[in-house]
Amino acid sequence: MQLSRFSDLALRALMRLAVADGRGDRMTAGGIAESVNASTSHVAKIVSRLVELGLVESRRGRGGGLAITEAGRQASVGQMLRELEGPGEVVQCEGPAPCPLAGNCSLRRALAEAREAFFAALDPLTVAGIVHTPTRQVLLSLGPAP
């Protein structure tokens, strides 16, 4: 299974924010984008979604910026990815040229179960748990937080 670029960057952004928060720093979407090698506009969309989910807090003005929330620090990585990836399937059985086996295919069911097993394996992980050393040291080296 492969995560979408959106989900991948969302996890990286949360990890970056968790480390910045540990130092008492706030970040901007541009700062996160620079540190994870992504476009600012794409990271801004991701951050907007993370704010909707209550995982990130955004403040405007002087002293503002982005910060991870307690819910973001403690969120299950598996559950977060389920939310970000949505209810899609591993393969496209429907659509303009649907598979003739789609209605009664055991492979389709097995792939859905495999997708859920993938997320379930990530359920015990939290953002707070995955940003410890040595990951923390790498995240700190990605550039200035503000």
Side-chain angles (χ1 to χ4, degrees), residues 1-99 102 107-146:
M1 162 127 188
Q2 186 170 349
L3 294 178
S4 66
R5 177 84 169 138
F6 189 93
S7 293
D8 176 30
L9 289 174
L11 282 172
R12 292 181 200 208
L14 284 168
M15 291 169 70
R16 189 69 179 97
L17 287 169
V19 170
D21 187 63
R23 297 183 342 179
D25 296 328
R26 287 188 165 265
M27 296 191 72
T28 64
I32 294 170
E34 184 178 325
S35 68
V36 298
N37 297 322
S39 76
T40 300
S41 62
H42 195 54
V43 170
K45 290 176 194 170
I46 291 165
V47 165
S48 178
R49 179 72 173 124
L50 295 173
V51 168
E52 284 176 20
L53 294 173
L55 305 174
V56 171
E57 172 189 67
S58 175
R59 282 194 213 156
R60 294 183 181 262
R62 188 176 175 105
L66 303 168
I68 192 167
T69 64
E70 184 60 26
R73 279 189 287 281
Q74 300 307 317
S76 158
V77 171
Q79 189 56 44
M80 186 177 16
L81 289 174
R82 283 182 192 88
E83 189 70 37
L84 294 170
E85 290 291 314
E89 295 192 46
V90 177
V91 294
Q92 295 299 320
C93 299
E94 310 292 333
C99 175
L107 178 59
R108 185 178 189 184
R109 282 188 294 278
L111 289 171
E113 290 170 6
R115 181 178 194 261
E116 180 50 36
F118 174 81
F119 292 137
L122 298 171
D123 279 341
L125 301 176
T126 64
V127 173
I130 61 176
V131 295
H132 289 291
T133 304
T135 304
R136 179 177 172 76
Q137 297 311 115
V138 174
L139 287 164
L140 286 170
S141 73
L142 293 178

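Nothing fancy with the numbering, it's 1 onward along the sequence. Values below: all heavy atoms of this structure, side chains included; hydrogens, waters and symmetry mates excluded.
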**OP:** Taking all non-hydrogen atoms of both residues into account, name the closest pair between Val127 and Ile68 and its distance.
**Re:**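 Distance-wise, the nearest heavy atoms are CG1-CD1, 3.9 Å.
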
Original post:
Which residues satisfy the side-chain contact (heavy atoms from CB on, under 4.5 Å) test with Ser41, sequence neighbours excluded?
Top reply: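 Ser41: side-chain contact (heavy atoms from CB on, under 4.5 Å) contacts with Ser39.
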
**OP:** Could you pull out all residues at least two apart from Leu107 that satisfy side-chain contact (heavy atoms from CB on, under 4.5 Å)?
**Re:**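 Checked Leu107 against side-chain contact (heavy atoms from CB on, under 4.5 Å); matches are Cys105, Leu111.
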
Donor-acceptor pairs are to be reported for all side-chain atoms of residues 50-64 against protein atoms at under 3.5 Å, with residues two or more places apart or in another chain.
| from | atom 1 | to | atom 2 | distance (Å) |
| --- | --- | --- | --- | --- |
| Glu52 | OE1 | Arg49 | NH1 | 3.2 |
| Glu57 | OE1 | Arg26 | NH2 | 2.7 |

Original post:
Which residue pairs satisfy the salt bridge (Lys or Arg N to Asp or Glu O under 4.0 Å) criterion with at least one member in residues 64-81, sequence neighbours excluded?
Top reply: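 Residue pairs with at least one partner in residues 64-81: Asp21-Arg73, Glu70-Arg73.
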
**OP:** Sort and list the pairs that fulfil side-chain hydrogen bond (donor to acceptor under 3.5 Å, both in side chains) and have at least one residue in residues 111-130, not counting sequence neighbours.
**Re:**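 Residue pairs passing side-chain hydrogen bond (donor to acceptor under 3.5 Å, both in side chains), neighbours aside: Ser76-Asp123, Arg82-Glu116, Arg82-Asp123.
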
Original post:
Between the main-chain N or O of Ser4 and the side-chain N or O of Glu85, is there a donor-acceptor pair closer than 3.5 Å?
Top reply: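 Yes, the answer is positive, given that a donor and an acceptor are paired below the 3.5 Å cut-off.
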
**OP:** State, yes or no, whether a side-chain contact exists between Leu84 and Ile46 at a heavy-atom distance under 4.5 Å.
**Re:**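 Of all side-chain heavy-atom pairs linking Ile46 with Leu84, none is under 4.5 Å.
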
Original post:
Is the closest side-chain heavy-atom distance between Met80 and Leu11 below 4.5 Å?
Top reply: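 When only atoms from C-beta onward are counted, Leu11 and Met80 do touch, with a gap below 4.5 Å.
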
**OP:** State the OG1-CD distance between Thr40 and Glu34, to the nearest 0.5 angstrom.
**Re:**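 Going from the OG1 atom of Thr40 to the CD atom of Glu34 covers 8.5 Å.
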
Original post:
Roughly how far, to the nearest 0.5 Å, is CG of Leu17 from CD1 of Ile32?
Top reply: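 Taking CD1 in Ile32 and CG in Leu17, the distance rounds to 4.0 Å.
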
